[in-house]
Participant: 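Below is the structure I would like to discuss, written out as structure tokens.
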Amino acid sequence: MICLYDTLAREKRAFVPADPRRITMYVCGPTVYGRAHIGNARPAVVFDTLARLVRHEFGEDSLVYARNVTDVDDKIIASAEAEGVDPSVITERYERHYLEDMRALGVRDPDIAPHATQEIGPMIAMIERLIGLGNAYEAEGHVLFSVSSDPDYGVLSRRDREAMVAGARVEVAPYKRDPADFVLWKPSADGVIGWDSPWGRGRPGWHIECSAMIAAHLGETIDIHGGGLDLIFPHHENEIAQSRCAHGGAPLARYWVHNGFVDMGAEKMSKSLGNIVTPAELLAQGHRGETLRLALLSAHYRQPLPWTENLVAQAKATLDGLYRKVGDSEEREVDAGVLDALRDDLNTPLALSRLSRLEGSALKASAQLLGLLQDSAADWFQGEADAGDIEARIAERTEAKKSRDFATADRIRDELKAEGIVLEDGPSGTTWRRE
Ligand SMILES: [Zn+2]
């Protein structure tokens, strides 16, 4: 039984899907106008790990995982204008980079990746429905959601009205009936990307995109809705309001799961603060994708994760140790201790500490559930061990043999073999070669 902390209920709850043969999960994906940073990679890795666990528990084909691509947005339009290109040039480039970076971290592609620009029809239909129900209104080419029309508005973030208005940094615009009302549709100026609609040529607001695409691809009520903590308000609050009002009160999601931030020093890593590190940079420096993945899983997903060079170095050392132990073992049963830790609200730090005590096929299978130890040991260490290091360990082995400590001698030989180094004992001592 998996337990998940549900942000809406403010407690850990047993995860019971509505239909265990078709479990639905939606995670808010990237706005594609720049290279993803490590903070952006955290939800991708966390929800990839959750997806692996759900598939392990309920069956490989039990889950439909959707992660959207926001490919129409003011920042995209600004980038396209700055480069003097069509917005699609920007969005295609950065979507490609996003997928490359996430795959390098062992993140499998989601089952469905809906693009906002391909789903304008369902968005317009949902907006029309909200207007018809009295939950939205048109004003000066805009359509706004009327927050006061929804008595349950605020259930997720539990903010009072003043905090909501302040937190949303709402634009006080003359066409709004209430400063807390938010945009479902806005007009596009000539030369700016837009679509024809009953309210004139324009483009959708961000929040309606997710509500419309969830309904179109997964259904009115899904099992798990995920994303970063910063999306709780206003984005997810607004998604809930739109969807519930449009669907006769049906809840949008049965479990709300949010990951914490990646911090740089005392601050959250964010593009606007300019303190970002990207997977692309780290990979170019020679770090492996699995090292970054393990670093991202080293803290519990709801806790903040301070990003440091030392964290990356420790993750690398941990993986070196695991690869030495796993050798060329075949994957078999996942260890019960690792599984229990993951079932308990995806407790990856505990799962990793239990992993470190395993060997052989249980280690291989358990690590794979976390998306780790995907390489062979020989590939992992390929070209890494330098000659000086190898000679030092051969000397250590020779000493061990002299003092008849054959267990240590054998361990060193096996460790080197796992790194693709073969030892040959001869009359004049031990020589080595790469496999
Ligand atoms: Zn969303």
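When a ligand or atom number is given, it counts from 1 through the structure's own listing order. Numbering starts at 1 and runs along the sequence shown.
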Participant: Can a side-chain donor-acceptor contact be found between His236 and His207 if the only test is distance below 3.5 angstrom?
Facilitator: no
Participant: Report the relative orientation of the aromatic rings in Tyr175 and His142; use parallel for angles under 30°, tilted for 30 to 60°, perpendicular for over 60°.
Facilitator: parallel
Participant: At their closest point, which heavy atom of Asp181 faces which heavy atom of Lys176, and how far apart are they?
Facilitator: O-NZ, 3.2 Å
Participant: Does the side chain of Thr117 come under 3.5 Å of the side chain of Asp71 through a donor N or O and an acceptor N or O?
Facilitator: yes
Participant: Please check if any side-chain donor atom of Glu239 sits under 3.5 Å from a side-chain acceptor atom of Tyr26, or the reverse.
Facilitator: no
Participant: Please give me the protein atoms (N, O or S only) lying under 2.8 Å from the Zn ion (ligand 1), ordered by chain and number.
Facilitator: Cys28 SG, Cys210 SG, His235 NE2, Glu239 OE2
Participant: Taking atom types as modelled and ignoring hydrogens, do the side chains of Asp345 and Tyr301 form a donor-acceptor contact shorter than 3.5 angstrom?
Facilitator: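 Yes, side-chain donor-acceptor contact under 3.5 Å.
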